[in-house]
Amino acid sequence: MNSTAYKRLSDIRNEFERGVFLALYNSPRQRLRRGIARVILGIKHGLRGALFSWPLYLLPLAATLLQKTHLPLIALLLLPGLALSGMILLRGVREDYARLVDGCLLQADYPGRLLFPANFRT
């Protein structure tokens, strides 16, 4: 694999090379790959978030076992935690997207690069 296969748009100074890059970058195949990359990153970070904050997701189950008078208190405690978990998840997806996908031509091995970036050299 050549060394220019993973060159970012921001690294290209030659106008001709930039034009060819943009033509490829805006192709339907690359747009589809970027969309799939968003889904893969969302699943990856969603699973990590679920494994990290599983006690937070058990609170609604515990609330069903309690008396109905405690449900507003449980909801009051649960909603900020879920909102914070969602914000962390979205931030992680955005950071990985910016680092691994945005401004790059995605090759056929991009799912592995998104899931296990340490195993690939760029």
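No hydrogens, no waters, no symmetry mates; every other heavy atom, side chains included, goes into these values.
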Output a table of donor-acceptor pairs, distance under 3.5 Å, between side-chain atoms of residues 34-51 and any protein atom two or more places apart or on a different chain; print 'none' if there are none.
{"from": "R34", "atom 1": "NH1", "to": "Y25", "atom 2": "O", "distance (Å)": "2.7"}
{"from": "R34", "atom 1": "NH2", "to": "Y25", "atom 2": "O", "distance (Å)": "3.2"}
{"from": "R38", "atom 1": "NH2", "to": "Y97", "atom 2": "OH", "distance (Å)": "3.1"}
{"from": "K44", "atom 1": "NZ", "to": "L114", "atom 2": "O", "distance (Å)": "2.8"}
{"from": "H45", "atom 1": "NE2", "to": "G92", "atom 2": "O", "distance (Å)": "3.4"}
{"from": "H45", "atom 1": "NE2", "to": "D96", "atom 2": "OD2", "distance (Å)": "2.8"}

Could you pull out all donor-acceptor pairs under 3.5 Å where a side-chain atom in residues 74-89 meets a protein atom, sequence neighbours excluded?
{"from": "S85", "atom 1": "OG", "to": "Y57", "atom 2": "OH", "distance (Å)": "3.2"}

Inset, instruction - Could you tell me whether the side chain of R8 and the main chain of G103 form a donor-acceptor pair under 3.5 Å? - result: no
Legend entry - Non-neighbouring partners of Q30 that pass side-chain hydrogen bond (donor to acceptor under 3.5 Å, both in side chains), sequence neighbours left out: none
Legend entry - Sequence neighbours excluded, every pair satisfying salt bridge (charged side-chain N to carboxylate O under 4.0 Å, His left out) that has a member inside residues 73-84: none
Legend entry - Test item: N26 and R31 side chains (from C-beta on) under 4.5 Å apart, heavy atoms: no
Inset, instruction - Can you measure from CZ (R18) to CG (D11) and round to the nearest 0.5 angstrom? - result: 9.5 Å
Legend entry - Exercise: identify the closest heavy-atom pair between A108 and P111: O-CD, 3.7 Å
Legend entry - Sequence-distant partners of R29, salt bridge (charged side-chain N to carboxylate O under 4.0 Å, His left out), two or more places apart: none
Inset, instruction - Please name all residues satisfying ring pair (Phe, Tyr, Trp, His ring centres under 6.0 Å) with Y110, sequence neighbours left out, ordered by chain then number. - result: none
Inset, instruction - Find the distance between CG (L32) and CG (L106) and round it off to the nearest 0.5 Å. - result: 10.0 Å
Legend entry - Sequence neighbours excluded - salt bridge (charged side-chain N to carboxylate O under 4.0 Å, His left out) pairs with any residue from residues 72-86: none
